[in-house]
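Small disclaimer: the values here were computed from a predicted structure and weren't measured. First the proteins, then the strands, lettered A, B, ... as listed; each starts at 1.
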2 protein chains.
Amino acid sequence: MADLTPLTAIGEFALINRLQAGITNRQPGTVLGIGDDAAIIAPTPGTELVMTTDLLVEGIHFDLAFCPLRHLGYKAVAVNVSDIAAMNALPTQLVVALSAGPRFTVEAIEELYAGMRLACEAYNVDLVGGDTTASRGGLTLAVTVLGEVPAGQAVRRSGGKPTDLLCVSGDLGAAFLGLQVLEREKQAFLADPDTQPELENYEYVVQRQLRAEARLDIVHELRELGVHPTSMIDISDGLASEVLHLCAASGTGARVFTEFLPMANPTLEVAAEFNLDPITCALNGGEDYELLFTVPVTDHEKLKNHPDITIIGHLTTADDGANLVTKSGQAVPLQAQGWTSF
Amino acid sequence: MADLTPLTAIGEFALINRLQAGITNRQPGTVLGIGDDAAIIAPTPGTELVMTTDLLVEGIHFDLAFCPLRHLGYKAVAVNVSDIAAMNALPTQLVVALSAGPRFTVEAIEELYAGMRLACEAYNVDLVGGDTTASRGGLTLAVTVLGEVPAGQAVRRSGGKPTDLLCVSGDLGAAFLGLQVLEREKQAFLADPDTQPELENYEYVVQRQLRAEARLDIVHELRELGVHPTSMIDISDGLASEVLHLCAASGTGARVFTEFLPMANPTLEVAAEFNLDPITCALNGGEDYELLFTVPVTDHEKLKNHPDITIIGHLTTADDGANLVTKSGQAVPLQAQGWTSF
């Protein structure tokens, strides 16, 4: 095992020097990155900016017993980029504020940064600044991302109209089931530390939990198809919760058809094994980081056969409420059992 | 005593609704504030952006035993705005990521936000987004601020030239001594909870500790005087540490004259009472949040009689090193005993 360096051994400035060593800037708008009181950014003329921040707290949002630091770093960037994508924007720069308790080593923080750098590469975003400090407890990571969108083209939650088609990217429920698998293996390990984790048959769902991806590809795809969503939100707390947010902001109701909810086969299999209703996993599981958006009904042709976008229903007037329509045609009010950290 | 609401009683979305109730936007560039996946910002044409993030961690950066939550909220904004000022920029928007453990109430978080709102008003910056989550431990606050500066006018740490005059705003060492007073009162209180804190004679230094202010006024002032600093940094970790950063970035040395270090009378009095060398407090105390900057020697006339800016020395070539020059003319190498959280 390689020698590990306690954070106390090198001090804040030396740590920052080590962390920034592997960082390269790709965005033409990054005038000055890490190393001054603030980064300097030249926005592209004709664009608007979007800005979002997300906090990941140890023991609340992640468990280092089964989430490797490199994956955590990647995820911290991905979940923020997902919010940028949900505005129809592309990320450009980000800053990271990080606090870590005495049990973390320099090498551990480097692993975390390695994951963030991978995500920066994948999403073409520059890490231009940060703050790294001690804490009395665990690890806390706050990432703030800046993005750009052609002026006037940002998509809010509030633009949906009755009859607009309700669409989701990818598939749902897998990340939640991946978490169930990881929790089960953790309990087995705690009961008998000689147990080897059994993850072979759970690759898809575990990967969806540990390696969240932001759907920037969908933002590009929609632009190429000439489809401009009327409203959009990313699915972090479960589909039901996000449909309700979108309806509340747009002043509409919605009809979501259970039979159209996109779920991958491994998700269905794991749900069966855990005796969980797959529809419930899709509606309330959370951490899918897919995009939920609405388009005018006239865009139906452009999207109906898309392999990675599914039309799951449509908006209605507000007085119809937001409903889930079962295969038998029964309408049940959608309820948010979305995740809350409190 | 009013009824207090545990954070667990209302949930994340209701909390966000309560917190955003008091927030108004002032910046013309704020297209969309709190409430969507991200804020939307229209940058002023012809400007560049600056962006910085700072983390405040309970038990490391602040002690709620003597730092009221409203002051803490104000300070979290001020220390970030100070970094924006140090780039010669003006703040425009900010986002806040906050995690709080189970002992915090809704009312406590509202106090914190009240302080942030006050600072937003004072510095004319809009709070446009955030993330609020639970933690297993104490309070952690990450603030990220965006600012604007006319294109090409941002001032870096690296632009200083030998012979440039070294200037500081305001006075030094007070915040550090304020902390000593507060720590002493805390110990007295812990020893005997019936003790009343004795703070009457310490107003100036205590206020400098608890209510940090960013020197945006100096940014405006320098613009009005037609003085464009060649390099600038804010003084958060003590003057000595910042002079060394500035010299390293600019590739210069420096001569700082002890007799010119600006210190307020109350600071000198409290230093004497605590048997501390006031020069050491000024050099290594930290948390002054004044601006340290350099100007061409030709700007001497414009600044020499300024009531709130002091010329404390000048830059030299790198091989002279960074030195402190005592009243008797002796040169001693400056040493950073700047604060580190690790």
Side-chain angles (χ1 to χ4, degrees), chain A residues 7-8 10-13 15 31-32 35-43 45 48-55 57-61 83-84 86-87 89 93 95-99 128-131 133-138 140 142 144 146-147 151 154 156-158 232-234 249 340-342, chain B residues 7-8 10-13 15 31-32 35-43 45 48-55 57-61 83-84 86-87 89 93 95-99 128-131 133-138 140 142 144 146-147 151 154 156-158 232-234 249 340-342:
Chain A
L7 284 176
T8 45
I10 69 166
E12 187 174 342
F13 297 124
L15 176 64
V31 178
L32 180 69
D36 215 300
D37 292 276
I40 307 175
I41 295 158
E48 281 173 342
L49 306 169
V50 293
M51 187 185 196
T52 183
T53 192
D54 247 313
L55 199 62
V57 180
E58 186 175 356
I60 304 289
H61 301 93
D83 281 319
I84 299 291
M87 301 303 288
Q93 286 86 17
V95 294
V96 181
L98 179 163
S99 70
V128 298
D131 190 14
T133 80
S135 84
R136 292 265 170 104
T140 300
T144 305
L146 208 61
R156 308 177 185 203
R157 297 177 179 181
S158 56
M232 187 147 58
I233 186 171
D234 80 322
T340 173
S341 72
F342 293 113
Chain B
L7 284 177
T8 44
I10 70 166
E12 187 173 341
F13 297 124
L15 176 63
V31 178
L32 180 70
D36 216 300
D37 293 276
I40 307 175
I41 296 158
E48 281 173 342
L49 306 169
V50 293
M51 188 184 194
T52 182
T53 192
D54 247 313
L55 200 62
V57 180
E58 185 175 357
I60 305 288
H61 301 95
D83 281 319
I84 299 291
M87 301 302 288
Q93 287 87 16
V95 293
V96 181
L98 179 163
S99 69
V128 297
D131 190 16
T133 80
S135 84
R136 291 262 171 106
T140 301
T144 305
L146 209 61
R156 308 177 185 204
R157 297 177 179 180
S158 55
M232 186 146 60
I233 187 170
D234 80 322
T340 173
S341 73
F342 293 113

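- For chain B, the option among A:G129, A:A86, A:A89, A:P43 with the highest count of heavy-atom pairs below 4.5 Å is A:P43.
- Taking the side chain as every heavy atom from C-beta outward, B:D37 and A:M232 never approach each other to under 4.5 Å.
- Of the listed residues (B:S99, B:G138, B:P45), the greatest number of heavy-atom pairs within a distance under 4.5 Å of chain A belongs to B:S99.
- The shortest non-hydrogen separation linking A:A38 to B:D83 is CB-O, 4.4 Å.
- With rounding to the nearest 0.5 Å, the separation of CD1 in B:I41 from CE in A:M51 is 5.5 Å.
- Nearest heavy-atom pair across B:A97 and A:L55 is CB-CD1, 3.8 Å.
- Using a 4.5 Å cut-off between heavy atoms, B:A151 makes no contact with chain A at all.
- Chosen from A:A249, A:G59, A:G137, the residue pairing most often with chain B at heavy-atom distances under 4.5 Å is A:G59.
- Heavy atoms of A:L32 lying under 4.5 Å from chain B belong exclusively to its side chain.
- Interface summary for chain B: among A:A42, A:G147, A:G130, A:A39, the most heavy-atom pairs under 4.5 angstrom belong to A:A39.
- Only the side chain of A:T140 comes within contact range of chain B, with at least one heavy atom under 4.5 Å from a heavy atom of that chain.
- Heavy atoms of B:A142 lying under 4.5 Å from chain A belong exclusively to its side chain.
- Atom-to-atom distance recorded for A:D131:CG and B:T53:OG1 is 6.5 Å, nearest 0.5 angstrom.
- At least one side-chain heavy atom of A:L146 sits less than 4.5 Å from a side-chain heavy atom of B:L146.
- Residues B:A154 and A:I40 approach most closely at CB-CD1, 3.5 Å, considering heavy atoms.
- Contact of B:V96 with chain A is made through the backbone alone, with heavy-atom distances under 4.5 Å.
- For the pair B:D36 and A:R157, the tightest heavy-atom approach, listed with the atom from each and the gap, is OD2-N, 2.8 Å.
- Taking chain A as the reference chain and counting heavy-atom pairs below 4.5 Å, the highest number among B:M87, B:E58, B:Q93 is found for B:M87.
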